[in-house]
Every structure is written in structure tokens, then in C-alpha cells.
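Presented below is the structure to which this report refers.
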Amino acid sequence: MAYAIAGHHGGMPNGTDLFGERMKEDIPEWEKYVPKSVLNAGREKPSPLVRFSSQEEMHRGLGFSLAMQVRMLFSCLVDADFLATEAFMNPVRSKERACWPENILERMSAVLEEYLSNKEQEARTVQEISGNISGLRARIHKRCLEQGEKLPRGVYRLDVPTGGGKTLSSLSFALKHACTHHLNRVIYVIPYTSIIDQTAEEFRKVFADLSAELGEECVLTHHSGLAPELDSDTIRLMSENWDAPLIVTTGVQLFESLFSNKPSRCRKVHRCGNAVLVFDEAQTLPSGLLSPCLEAMKCMNRDYGSTLVLCTATQPSFERNDDFPIGWKQGDVQSLLGETLERELKTNMRRVKVVRLPEHLSCPELVTHYGAAKERNSVLMIVNTTRHAQELYKSMRAIADDDSF
């Protein structure tokens, strides 16, 4: 509590800095202004908030969990302080903050299911739903929806090949799961700003009518590349502390907030508890920072009741072994789809065939090799350097008039 109180204006002090001159200052009389319940609370033995499933896990994560507990207290304090000050100093602005109905996630889940049902119905009118991509997408969605209601809070993976509709299916799971377990919100974490706006726009399209009915945007997009002047006042206020039912953000925004000591950044940290966190393209978690990132994710699930979904087409193994001691223990990360459906997807949605070419082909030989096949309308070549690409281009130009190319 001392860290949170001492840092709620200028930022949490670092390590033992708190116990220097700061704690030796002569404080004027203050006890007579404090309620007795607060004074007496310090004399009671506190119940531990941190929970561990084993001694091994306790030794591995105790320090981190205690540090995160301080950050959670700090986040709650600074957000409450900002909001209380705003309500007193600027009541007009305070009233501009969004006020969500208690059943907002239930309504969003119902809207999404109606939207997906209509899309699947349209697919049926085009072709039979069994044995095609549309049918597989429908099965993935159905399984995610069922699992959202059935599964307890935990850590799950969603392995869906590209084109399988994993974005909306994972959101279907997240909203249903949040409704079932009375979670507060869904946070969709995306690694690249280049695709975050595309995903957020798809979500906004789904919930457009509901947002119009409520007079508030249900989907909050928050990342460093946004232009704040283009957002409404309400959106800017929601971005301060993530007070929204569905947040689409970047891993950088999430993890920098979780590890920051600044009041403005830490306001949103407590919103990550009691939530569903979907990590899209989970394989892109930064390898150099993987240990603290995974520890923070474990902490959100273990200590603060959040469910995690690792969502990707190319799922890495995050399970613990001798070469990877920072992962989850075997069995902690469960599949949302089940192994049978996963195997079926890998077979029926295979779009790429890998063929090893003869080694040391020159650029003219490489171009001729692909140009010799008459049935090819186009070929994509990916090389390592700009120079190699230029050489390929020159080789193509050299034989462009050849009938075989």
C-alpha cells in the first residue's frame, strides 16, 4: 500500500527508493482525520490474495505475483483518484463518460450470434455446407460458442488455419464465456497496427446497430498509431482507463501498461482482471521479452480470474519443458476445438504444398523452371535480399518475350 500511496501522483518508486528519505519525513498530525476502521485494518492479519497450485509454482512466481499485486492496487487507486478529481473539478466532462448497461456483454453476444447465423445461412444458399470451407467455418464457430458456455476460466488455444474465421469465432467464445462467468469485458490483443484497424472495423460493423441504439461505441480501439483529434470525447475518455466492453489493442499497449509505473498508463491495468484476453497471432509475442510477458499472462489468469485465449494459425508450444522452463505446465493450455477437429482442419484446409527445389539454381534457371509450366498464371517468389529480387526481375525481363515464360 505504501508504494501505491507514495506514487499515486508522480509514479511508483523503484525498489528500495521508497525506504530512503521519503519514509523518514516528519508527517504532521494525521491520525485524527482517518476513520478508525482504516487504522484498525492494519492490525489484522491480511488474507493472501495470491494463489498457487503447487510449491514449485509458488517459488517460481511469488515475487512476480506480489509485484503485480502492488500494481493492481496502484491501478485501482490512481484510476479512482483521477475519476473522483474529475467529478469534482470538471463534472461536465465526467458526465461524458460512457455508462454501460449491466447486460451489455449479453446483448453483444446475441448480436454477434445473429450476425454469424445470417452469414452461415447465406453460405448454405450458395453451396452445401458439408465438405467445404464455409461448412468448416460454421463448425468452428459452433464449437467455440459451445465451449464458451461449458469451459471454466483457464488458458486455451485456438488453432485455426488462415481462412477459418478464427477472429469472429474467438470473439464468439469470449463473449459467451464472459457472460457465463460474469466477467467484465473482452480485450482483443493484436501484434500489428497494420491489422488492428481492420479487425476493429469488422467488430464495429457487427455491433453498429447496438452502438447506435446505446449512443456509445461498443468497440474501443487503442494503440499508438491513432490520431486522438479524430476521436469523439467519449472515445478519448474510454481510452484513459479502458472502460469499455470490448477493447482492441496491441501487445505493446497492453504489456507496457502492465509493467509501467506511471499513473496515466497504469489506470487501465485493473481492467485486465476478471476479463477474457484474446491474444491474436500468439506466435508473435516478442521472444526477447517472452519470460515477463508469459509471467504477466499467467498472473492475470491465476490471481485475477481472467481467461486467456492464444489464437493463431501457427500455434507455438508454450508448455514447460527442460529447454523452456518459463512455459505453462503440461495440460494447462487446452484446445478449444479438440484434437479431432484440429486434425480435420489441417487436412481439409491445406492450401500450400511445400516442394524442395534443386539447390544453387541461378536466377535465370529459377525463372525458367517456373516459366516452363504452362498451367501457372502467376508465381510468387519470396527472397531474402533486395539485390536478389532485382536479379530475378532482370532475368524475367530477359526472357519475357519467350513463349515459355
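One-based numbering along the sequence shown. Since the structure is predicted, the reported quantities are computational estimates derived from the model, not experimental observations.
Between the side chain of Ser75 and the backbone N or O of Arg71, no donor-acceptor pair lies under 3.5 Å. Looking only at distances, a side-chain donor or acceptor of Lys298 sits under 3.5 Å from a matching main-chain atom of Gly327. Checking side-chain atoms of Ser117 against main-chain N and O of Glu113 turns up no donor-acceptor pair under 3.5 Å. The backbone N or O of Ala275 lies less than 3.5 Å from a partner atom in the side chain of Ser306, making a donor-acceptor pair. In this structure, His181 contributes its side chain and Leu151 its backbone to a donor-acceptor pair below 3.5 Å. The main-chain N or O of Leu168 is never found under 3.5 Å from a side-chain atom of Ser172 such that the two would form a donor-acceptor pair. No donor-acceptor pair closer than 3.5 Å links the side chain of Thr307 to the backbone N or O of Val276. One N or O on the side chain of Trp100 and one on the backbone of Asp243 form a donor-acceptor pair closer than 3.5 Å. Without hydrogens or angle criteria, Arg137 side chain to Gly163 main chain gives a donor-acceptor distance under 3.5 Å. In this structure a side-chain-to-backbone donor-acceptor pair under 3.5 Å is present from Tyr3 to Gly15.
At least one side-chain heavy atom of Glu240 sits less than 4.5 Å from a side-chain heavy atom of Leu237. A 4.5 Å side-chain heavy-atom check between Val278 and Leu158 finds every atom pair outside the cut-off. Using a 4.5 Å heavy-atom threshold, the side chains of Asn274 and Arg153 count as touching. Residues Asp81 and His9 meet the side-chain proximity criterion, which asks for heavy atoms closer than 4.5 Å. Two residues are said to be in side-chain contact when any heavy atoms from C-beta on lie closer than 4.5 Å; Arg204 and Thr221 meet this criterion. Within the 4.5 Å cutoff, the side chain of Leu392 has heavy atoms near those of the Leu366 side chain. Put simply, the side chain of Val70 does not reach to within 4.5 Å of the side chain of Leu66, judged on heavy atoms. A 4.5 Å side-chain heavy-atom check between Thr193 and Ile196 finds at least one atom pair inside the cut-off.
Atom OG of Ser239 sits about 11.0 Å away from atom CZ of Arg267, to the nearest 0.5 Å. Atom-to-atom distance recorded for Arg97:CZ and Glu86:CD is 4.0 Å, nearest 0.5 angstrom. Here the CD atom belonging to Gln198 is positioned 14.0 Å from the OH atom belonging to Tyr192, to the nearest 0.5 angstrom. In this structure, the separation between CG on Leu285 and CG on Leu310 is 7.5 Å, given to the nearest 0.5 Å. In this structure, Cys179 SG and Leu105 CG are separated by 5.0 Å, a value rounded to the nearest 0.5 Å. Considering OG of Ser211 and CD of Glu217, their distance stands at 4.0 Å, rounded to 0.5 Å.
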Intermediate values then yes/no, side chain to side chain contact (heavy atoms under 4.5 Å, CB included), Leu254 and Trp242
CA-CA 11 Å; Leu254 174 71; Trp242 282 4; 4.0 Å; yes

Apply side chain to side chain contact (heavy atoms under 4.5 Å, CB included) to residues Glu216 and Thr234 and explain how you reach the verdict.
CA-CA 8 Å; Glu216 308 285 3; Thr234 303; 3.1 Å; yes

Residue pair Gln253, Thr250: steps toward the side chain to side chain donor-acceptor pair (under 3.5 Å) verdict
CA-CA 5 Å; Gln253 186 70 231; Thr250 58; 5.1 Å; no

Could you walk me through whether Glu391 and Lys394 satisfy the side chain to side chain contact (heavy atoms under 4.5 Å, CB included) test, starting with their C-alpha distance in whole Å, then the side-chain angles of each, then the deciding distance to 0.1 Å, before giving a yes or no?
CA-CA 5 Å; Glu391 291 173 354; Lys394 292 176 182 177; 5.6 Å; no

Criterion side chain to side chain contact (heavy atoms under 4.5 Å, CB included) on Val248 and Ile190, from CA distance to verdict:
CA-CA 7 Å; Val248 184; Ile190 298 175; 3.8 Å; yes

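The minimum heavy-atom distance linking Gly7 with Phe74 is given by the pair O-CE1, 3.3 Å. Heavy atoms only, all atoms of each residue included: Met72 and Gly273 are closest at CE-N, 4.4 Å. The nearest pair of heavy atoms linking Ser317 to Phe324 is O-CE2, 4.2 Å. Contact between Gly148 and Thr180 at its shortest, heavy atoms only, is O-OG1, 3.8 Å. Leu18 and Ala6 make their closest contact through CD1-CB, 3.6 Å (heavy atoms, listed as atom of the first residue, atom of the second, distance). Summarising the geometry of Ser260 relative to Cys266, their closest heavy-atom pair is O-SG, 3.2 Å, with the distance given to 0.1 Å.
For Asp159, the side chain to side chain donor-acceptor pair (under 3.5 Å) test picks out Arg157, Gln315, with sequence neighbours left out.
Summarising the local packing, CD of Gln283 is surrounded by more than 12 heavy atoms from other residues, nucleotides or ligands at distances under 6.0 Å. Counting non-hydrogen atoms of other residues, nucleotides and ligands closer than 6.0 Å to CG of Asp209 gives a total of 12 or fewer. Taking a 6.0 Å sphere around CD of Glu29, one finds it holds more than 12 heavy atoms contributed by other residues, nucleotides or ligands. For Tyr393, the OH atom counts as loosely surrounded, since its 6.0 Å shell holds 12 or fewer non-hydrogen atoms of other residues, nucleotides or ligands. More than 12 heavy atoms of other residues, nucleotides or ligands sit less than 6.0 Å from atom CG of Asn321. Asn384 CG: 12 or fewer foreign heavy atoms inside a 6.0 Å radius. Heavy-atom contacts from other residues, nucleotides or ligands closer than 6.0 Å to CD of Gln330 number more than 12.
Using modelled atom types and a 3.5 Å distance limit, the side chains of Glu202 and Thr167 yield no donor-acceptor pair.
Note on Asp79 versus Arg271: salt bridge recorded, some NZ/NE/NH1/NH2 to OD/OE distance being below 4.0 Å. Electrostatic pairing of Arg139 and Glu120 does not count as a salt bridge here, judged by no charged N lying under 4.0 Å from a carboxylate O.
Looking at Glu213, Glu102, Glu114 one by one, the single match for salt bridge (charged side-chain N to carboxylate O under 4.0 Å, His left out) with Arg107 turns out to be Glu213.
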